[in-house]
Undergrad: 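Encoded as structure tokens, here's the structure I'll be asking about.
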Amino acid sequence: MKTSLSRIIENIKVAEGIYKMTLDVDTKPVPGQFYMVKGLNGDYLLPRPISVHDYYDGKLVLLYRISGHGTDMMSRMKEDTEVQVLGPLGNGFDLEAIKGKTAVIGGGIGTAPLYYLAKEMKKADMDIYLGFKDIVYSIEDFENTGHSVTVATEDGSVGTKGFVTDCVDYDKYRMVITCGPDIMMNKIIRTCVDHKIDIYASLEKRMACGVGACLGCVTETVNGNKRVCKDGPVFNGKELILSE
Amino acid sequence: MKTSLSRIIENIKVAEGIYKMTLDVDTKPVPGQFYMVKGLNGDYLLPRPISVHDYYDGKLVLLYRISGHGTDMMSRMKEDTEVQVLGPLGNGFDLEAIKGKTAVIGGGIGTAPLYYLAKEMKKADMDIYLGFKDIVYSIEDFENTGHSVTVATEDGSVGTKGFVTDCVDYDKYRMVITCGPDIMMNKIIRTCVDHKIDIYASLEKRMACGVGACLGCVTETVNGNKRVCKDGPVFNGKELILSE
Amino acid sequence: MANMKICFLDKIFKNPVVAASGTFGFGEEYNEIYDVGILGGISSKGLTLRGKTGNSGIRLWETPMGLMNSIGLQNPGVESFISQEMEKMKTYNTNIIANLGGGTLEDYLEGVRLLNNSDVDIIELNISCPNVKAGGMAFGIKSEVAYETVKAVKEICEKPLMVKLSPNAENISEMAAACEEAGAEALSLINTLNAMAIDIYQRKAVFNNTYAGLSGPAVKPVALRMVHQAAKAVEIPVCGMGGISSGKDAIEFIMAGASLVQVGTANFVKADICVDIIREMEEFLDAEGIKDITDIIGIV
Amino acid sequence: MANMKICFLDKIFKNPVVAASGTFGFGEEYNEIYDVGILGGISSKGLTLRGKTGNSGIRLWETPMGLMNSIGLQNPGVESFISQEMEKMKTYNTNIIANLGGGTLEDYLEGVRLLNNSDVDIIELNISCPNVKAGGMAFGIKSEVAYETVKAVKEICEKPLMVKLSPNAENISEMAAACEEAGAEALSLINTLNAMAIDIYQRKAVFNNTYAGLSGPAVKPVALRMVHQAAKAVEIPVCGMGGISSGKDAIEFIMAGASLVQVGTANFVKADICVDIIREMEEFLDAEGIKDITDIIGIV
Ligand SMILES: Cc1cc2nc3c(=O)[nH]c(=O)nc-3n(C[C@H](O)[C@H](O)[C@H](O)COP(=O)(O)OP(=O)(O)OC[C@H]3O[C@@H](n4cnc5c(N)ncnc54)[C@H](O)[C@@H]3O)c2cc1C
Ligand SMILES: Cc1cc2nc3c(=O)[nH]c(=O)nc-3n(C[C@H](O)[C@H](O)[C@H](O)COP(=O)(O)OP(=O)(O)OC[C@H]3O[C@@H](n4cnc5c(N)ncnc54)[C@H](O)[C@@H]3O)c2cc1C
Ligand SMILES: Cc1cc2nc3c(=O)[nH]c(=O)nc-3n(C[C@H](O)[C@H](O)[C@H](O)COP(=O)(O)O)c2cc1C
Ligand SMILES: Cc1cc2nc3c(=O)[nH]c(=O)nc-3n(C[C@H](O)[C@H](O)[C@H](O)COP(=O)(O)O)c2cc1C
Ligand code: FES
Ligand code: FES
């Protein structure tokens with residue numbers, strides 16, 4: 001694992017405020033891992049953590065939402081220019097542990113890492129639940145993995161109206177995997193712990209080093225502070241101490 | 001005069017390290033004036049002062065040399081994106097005062113503002129002297145103004161080998177106008193003052209405001225400190241107190 | 001629309017945005033770019049009793065998101081300011097703050113006496129200048145020295161007196177409290193941070209004076225902390241500055257305890273940035289349903 | 001090729017580049033990215049006698065070309081460091097500096113006693129920590145307090161002792177001189193600058209502790225000034241840091257008087273930046289015909 005320059009093969013808008021960047025990389029990542037990404041002449045300091053959305057034949061695909069200055073800069077980068085990437089980082093999902101009926105629940109841009117998971121786990125008994133506020137994306141990609149896909153939007157424009165978490169019949173599942181806003185994940189974790197369902201959540205925290213050295217990204221667990229970048233981003237929900 | 005966004009019509013390389021940017025602007029500048037120019041997402045703070053190289057039909061042409069980070073960023077800007085410009089700034093050349101036989105002597109990128117001067121003063125009795133280290137540019141443009149053009153390069157690759165200042169027979173001229181490295185201008189100013197030839201020099205100083213407010217760009221004159229951005233950049237050589 | 005009007009030292013400021021001393025001249029140049037009458041106020045270039053030619057050598061140096069300067073208080077002197085600049089400034093329809101520096105206490109006192117008889121609205125006493133009698137150590141480093149200076153000035157000052165603190169002060173809370181006790185009616189901060197740059201090819205300091213003052217976005221987090229500390233340490237109002245470049249930056253300073261803000265270096269980044277800053281502040285207040293900007297002064 | 005080797009506190013550093021405390025863990029993570037044995041040294045994450053879980057809430061906040069952090073010295077404690085980390089660090093073939101913090105003098109002393117019996121090469125005494133007995137004011141603000149602390153530590157310290165100064169010290173020259181007098185054998189500086197950020201939508205400070213430490217390129221001009229002041233104030237060697245992100249930055253610090261430099265925040269910007277910095281320093285020395293880096297230490 002090293003800092004390297006990757007060429008941008010493509011950087012396109014896929015929905016309002018949502019972009020997809022394809023890069024040349026030389027290592028195959030595990031679903032759930034992420035990269036620290038930074039333009040070469042950005043007027044900001046820290047690279048931004050972005051999950052692996054897809055990977056094939058030495059190509060890394062990132063799906064990202066413009067949520068501030070860094071991601072805005074990223075969206076303006078042109079094909080054939082270079083970006084600095086460090087990765088793959090983090091533990092990723094424990095694919096071996098995924099057994100039995102599994103619900104994969106993504107919220108908003110938190111759906112990004114789940115596509116590579118669903119694709120790599122085509123043979124798993126997996127149902128996909130995708131929740132969005134109003135703008136939806138990647139749904140077809142998820143459908144092409146062969147898994148059943150349920151979509152909900154808060155405004156009802158696509159799929160069921162409301163929260164996707166309400167579409168899940170938890171007791172059907174042995175395991176739940178989730179990535180999305182904290183408030184959504186916390187709700188899911190509580191439900192699963194109550195129902196004694198295995199639950200894995202991919203967390204987001206502000207990061208500086210991305211490799212486990214600065215202790216800037218820790219989350220409280222029953223086993224003490226854990227680094228989201230190094231010990232995570234995927235955690236067993238049972239281990240987490242939820243904020244509210 | 002105001003800060004405005006200008007669209008880049010063209011931004012091309014004209015020689016090694018030398019670029020030409022054409023912008024839409026709405027005011028006609030005077031030869032010798034300059035603009036404060038800055039990309040919108042530059043990772044540096046201050047706009048860069050760049051002279052008017054040419055102007056026609058609402059189009060401002062800047063000729064610039066990559067000499068650091070800001071100009072490097074400028075060179076990477078793409079057509080149809082916008083830059084922040086403030087100007088036209090400074091006094092510019094006093095065209096009325098240009099009478100009688102005049103030598104216009106430029107050194108390196110200091111030739112940039114002289115083209116618009118030569119073009120606007122087609123009818124003046126003007127000889128152009130252009131000195132470069134090794135890489136030359138704009139020579140044809142100057143020749144197209146109809147004035148006689150003498151070129152010198154330090155390595156002799158084009159024109160006379162040596163310093164362009166040595167090609168000038170000063171006593172032939174009533175007036176000399178110069179822009180270039182300090183060391184060249186100082187030499188010319190001393191010679192002209194000795195020979196009682198009118199001498200105007202366009203100076204360069206680090207600038208912050210560009211409009212005369214911060215007093216960061218002053219040069220010593222016999223009449224006290226003068227602001228290069230507001231009282232200049234063109235000064236009567238007799239007024240200047242030379243550094244060495 | 002939210003109210004942005006602030007009453008500060010008995011003067012009405014149409015909004016809290018003031019152009020910072022030394023970055024705005026006497027307003028004339030920027031008035032060619034936009035009507036500077038939209039500003040809450042203008043703080044003049046730093047004045048000294050007798051005019052100064054300022055420092056020699058390089059005066060400006062860019063740093064990562066910052067600017068170092070070593071202008072050395074080039075200015076025409078107080079008398080010339082009053083006779084040459086005051087009248088024009090008064091036509092701008094905004095508050096005029098005279099920023100006054102000095103190398104000795106006597107210079108300060110004499111300068112204040114002259115300004116007493118002028119039309120300036122507020123005197124901003126800049127105590128960051130090196131005290132020539134005390135070996136060049138600025139008046140604004142040790143609280144005791146600042147206390148004596150402000151006290152003496154206050155005794156003769158007939159204008160509202162704002163004291164501008166240096167971030168190089170040994171202890172900013174103590175300094176703020178000392179100036180308040182000495183009679184300052186308001187504080188402004190921060191001035192520039194002592195800093196250095198080296199030209200490694202020439203193997204010498206960039207500035208003839210070795211050190212120079214750092215300003216701009218780079219210093220904002222430090223400035224905000226100091227404004228917060230100063231505001232907590234005193235009852236008098238505070239005018240905050242240091243790196244403000246957007247309406248959001250300005251709101252941070254207001255929430256930290258500033259009643260007014262000054263904008264300096266950012267004027268160089270975009271000449272009419274104060275226009276943007278005022279608009280962005282209004283937009284923020286409206287979007288957040290804050291009726292009056294005074295409701296959020298010092299709420300953090 | 002120019003000599004980059006430096007003898008510092010009787011230890012040989014293959015080059016002057018040291019990874020800064022708190023930004024490099026115990027070297028393990030970065031050793032997966034490049035061979036950290038190419039570094040002159042590694043300063044460990046700040047240690048305290050007993051382990052600490054660190055601060056709650058947001059720990060990192062980006063600022064214009066800077067980074068604020070409020071990690072709160074999360075660390076496993078000195079004993080655990082010695083038993084769990086030391087051995088692995090020793091295999092890296094570079095100097096190991098133990099950065100030691102403490103809330104009371106007794107904690108410092110007990111920590112030093114433990115480190116005396118370990119394999120660390122140098123102890124870097126971090127006096128920026130809040131002194132819990134003195135109401136949270138850091139040991140490194142007032143020279144007298146620092147003097148007493150360093151003197152007491154020196155008496156029992158059997159390792160070379162470097163004292164890390166805080167830029168929040170009231171007077172950096174006095175502080176440097178006081179630490180030298182108290183027995184410090186070297187100084188390192190600067191630690192982070194006290195700073196603040198406000199979340200204007202939530203109307204509260206970003207950090208639970210209100211203030212946090214600012215580092216990165218934004219602070220470089222201030223850090224360079226302080227290193228220059230400290231180096232001029234003492235005879236002992238100085239290790240300079242604050243915003244170093246390139247070989248040129250490092251050379252500036254060396255010319256300002258630093259014998260070693262530390263690189264902190266820049267490691268986050270580009271994980272293997274220290275490799276670049278070392279190479280750029282060598283290139284500079286060669287291009288400028290400087291045979292030995294020690295020839296330019298403090299030449300400005
Ligand atoms: C492990 C991990 C994987 C991620 N994967 C993706 C992804 O695949 N697609 C995607 O769009 N986003 C992803 N994010 C979130 C993404 O990193 C942030 O949206 C991004 O950092 C925001 O940067 P900005 O400059 O646009 O925003 P700003 O608000 O300007 O950023 C300011 C600072 O805050 C940090 N920050 C702000 N929001 C977040 C956040 N939500 N999480 C972490 N740091 C934040 C930034 O990194 C930066 O240091 C991921 C985050 C983590 C931790
Ligand atoms: C009135 C005027 C007109 C100019 N016209 C032209 C022109 O037409 N074409 C052209 O190529 N150059 C011109 N220059 C010089 C140009 O401004 C500098 O080359 C440019 O600012 C360098 O910026 P940088 O970021 O590339 O270099 P850096 O060295 O990274 O810049 C660092 C800082 O130093 C300042 N600086 C560095 N060199 C100079 C310099 N020579 N003059 C002024 N400031 C400097 C920069 O503005 C910046 O603030 C002019 C300068 C002035 C004052
Ligand atoms: C070029 C320049 C000149 C300055 N001159 C003065 C001055 O004369 N008097 C003064 O009190 N402050 C002076 N300052 C400091 C500013 O008024 C302000 O306190 C400081 O720059 C921090 O604000 P900023 O980051 O918004 O620039 C000057 C600053 C700059 C950049
Ligand atoms: C995340 C982070 C954690 C830090 N932890 C420590 C620490 O534990 N002990 C210490 O002495 N300094 C600590 N520092 C300060 C750095 O060692 C260094 O002094 C400071 O960051 C300035 O250097 P820089 O600008 O190169 O980062 C820390 C800095 C950062 C950014
Ligand atoms: S980001 Fe540094 S430890 Fe996770
Ligand atoms: S650049 Fe400000 S006065 Fe000239």
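Chain naming here is simple, since letters A, B, ... match the order of the sequence lines and numbering starts at 1 in each.
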Undergrad: Between chain C and each of B:R48, B:M36, B:E220, count heavy-atom pairs under 4.5 Å; write down the option with the most.
TA: B:R48

Undergrad: Could you measure the distance from the CD atom of B:Q84 to the NZ atom of C:K270? Nearest 0.5 Å is fine.
TA: 6.0 Å

Undergrad: Taking every heavy-atom pair that is under 4.5 Å apart, which of B:P47, B:G210, B:C217 has the most such pairs with chain C?
TA: B:P47

Undergrad: Side chains of B:L86 and C:D272: does their closest heavy-atom pair fall under 4.5 Å?
TA: no

Undergrad: Has C:K248 got more than 12 heavy atoms of other residues, nucleotides or ligands less than 6.0 Å from its NZ?
TA: no

Undergrad: Would you call B:C209 and C:Y30 a side-chain contact if the rule is heavy atoms closer than 4.5 Å?
TA: yes

Undergrad: Pick one of side chain, backbone, both or neither for C:T23, based on which atoms fall under 4.5 Å of a heavy atom in chain B.
TA: backbone

Undergrad: Does the side chain of B:C214 come within less than 4.5 Å of C:N69's, by heavy atoms?
TA: no

Undergrad: So, using salt bridge (Lys or Arg N to Asp or Glu O under 4.0 Å) as the criterion, who are the partners of B:E239 when residues are at least two apart?
TA: B:K226

Undergrad: Verify, without hydrogens or angle tests, whether C:E62 (side chain) and B:L45 (backbone) share a donor-acceptor contact under 3.5 angstrom.
TA: yes

Undergrad: Is there a side chain to side chain contact (heavy atoms under 4.5 Å, CB included) between C:I58 and B:K205? Walk through the geometry before answering.
TA: CA-CA 9 Å; C:I58 285 184; B:K205 282 270 182 179; over 6 Å; no

Undergrad: Chain B heavy atoms under 4.5 Å from C:S245: which part of the residue, side chain, backbone, both or neither?
TA: neither

Undergrad: Tell me if the NZ atom of C:K90 is crowded by more than 12 foreign heavy atoms within 6.0 Å.
TA: yes

Undergrad: Are C:E32 and B:K230 close enough for a salt bridge, meaning some N to O gap below 4.0 Å?
TA: yes

Undergrad: Considering only distance and modelled atom types, tabulate donor-acceptor pairs under 3.5 Å from the side chains of residues 78-85 of chain C, sequence neighbours left out.
TA:
residue : atom : partner : partner atom : Å
C:S83   : OG   : C:E79   : O            : 3.2
C:S83   : OG   : C:S80   : O            : 3.3

Undergrad: Identify which part of B:M207 has an atom lying under 4.5 Å from any heavy atom of chain C, answering side chain, backbone, both or neither.
TA: backbone

Undergrad: Could you list the donor-acceptor pairs under 3.5 angstrom formed between side-chain atoms of residues 50-59 of chain B and any protein atom two or more places apart in sequence or on another chain?
TA:
residue : atom : partner : partner atom : Å
B:H53   : ND1  : B:A112  : O            : 2.8
B:D54   : OD1  : B:K119  : NZ           : 2.7
B:Y55   : OH   : B:G58   : N            : 3.1

Undergrad: If we ignore hydrogens and angles and just use 3.5 Å, is the side chain of C:Q74 paired with the main-chain N or O of B:L215 as donor and acceptor?
TA: no

Undergrad: For chain B, which residues from residues 40-48 of chain C have at least one heavy atom closer than 4.5 Å to it?
TA: C:K45

